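Since the structure comes first, as structure tokens, the remarks are kept for the end.
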Amino acid sequence: MASPIRWFRKHSQVLIVVFGVMLMAIFGLGSVLSGLNPGDLVRRGEESNEVVAEWAQGEFKRNDLAEMRQRHFDALRLLNQLEQNAINQNDGKSVPVFAQRIAPIIRPGEKPNSNNLDEQMMNRYLLAKRAEEEGLVVNERMVYVYIAQFAGDIPVTRDLLKQL
């Protein structure tokens, strides 16, 4: 009777190559595959959302500032679009805008600096919180009146705002 190890001896080179390739794949791709674990992705997202400023009533996280910056730019684009629509409907003549414009955090020709942007967004937020504490409340009707000043004679409705 032949030894059962004889088969392993006969195919040893092939087995070494196969196991070697498997070990390389495990060590090479193991870190990539473990990085796809949903728990790790959540943890990495939480780590990158660090607290950038704190005060007595709260804190700013990096994602909060990014969201506030995005809303700021969205508001500017909306007002510019409303004004442009009013000009187009008025045969190219400019429409007098009675409302004070939102001061952009990046002025034309200015190089954006992330520290300055973050500081300006925090200052604006804190001023808004202070105004709220003092009793200044802006309701939905006031927002529509403000936006309507940029729209000229165009009736501002929820549908128009959604489209823009």
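Predicted, not measured: the structure shown is a model, and the values here were computed from it.
Counting heavy-atom neighbours within 6.0 Å of I5 CD1, excluding the residue itself, gives a total of 12 or less. Counting non-hydrogen atoms of neighbouring residues, nucleotides and ligands closer than 6.0 angstrom, the CD atom of E59 exceeds 12 such neighbours.
Clustering of Ile, Leu, Val, Met, Phe, Trp and Tyr side chains at separations under 4.5 Å places F8 together with W7, V14, L15, V18, F19, M22.
Side-chain contact check for R130 versus E133: some heavy-atom pair is nearer than 4.5 Å. The side-chain heavy atoms of E132 and V137, taken from C-beta on, include no pair separated by under 4.5 Å. Counting heavy atoms from C-beta outward, M142 and N139 have side chains that approach closer than 4.5 Å. With a 4.5 Å cut-off on side-chain heavy atoms, R62 and V51 do not count as touching.
Taking CG of N63 as the start and CD of E50 as the end, the distance is 9.5 Å to the nearest 0.5 Å. Note that NZ of K61 and CD of E54 are 10.0 Å apart. Values are rounded to the nearest 0.5 Å. Atom CG of D118 and atom CG of N123 lie 11.0 Å apart (nearest 0.5 Å). Separating the CD atom in Q70 from the CZ atom in F73 is a distance of 8.0 Å, to the nearest 0.5 Å.
For Q120, the side chain to side chain donor-acceptor pair (under 3.5 Å) test picks out no residue, with sequence neighbours left out. With sequence neighbours excluded, the residues that form a side-chain contact (heavy atoms from CB on, under 4.5 Å) with R124 are H72, I102, A103, I105. The side-chain contact (heavy atoms from CB on, under 4.5 Å) test applied to R71 returns E67, M68, not counting sequence neighbours. With sequence neighbours excluded, the residues forming a side-chain contact (heavy atoms from CB on, under 4.5 Å) with N88 are Q84, listed by chain and number. Scored by the salt bridge (charged side-chain N to carboxylate O under 4.0 Å, His left out) test, D64 finds no partners at all (sequence neighbours excluded).
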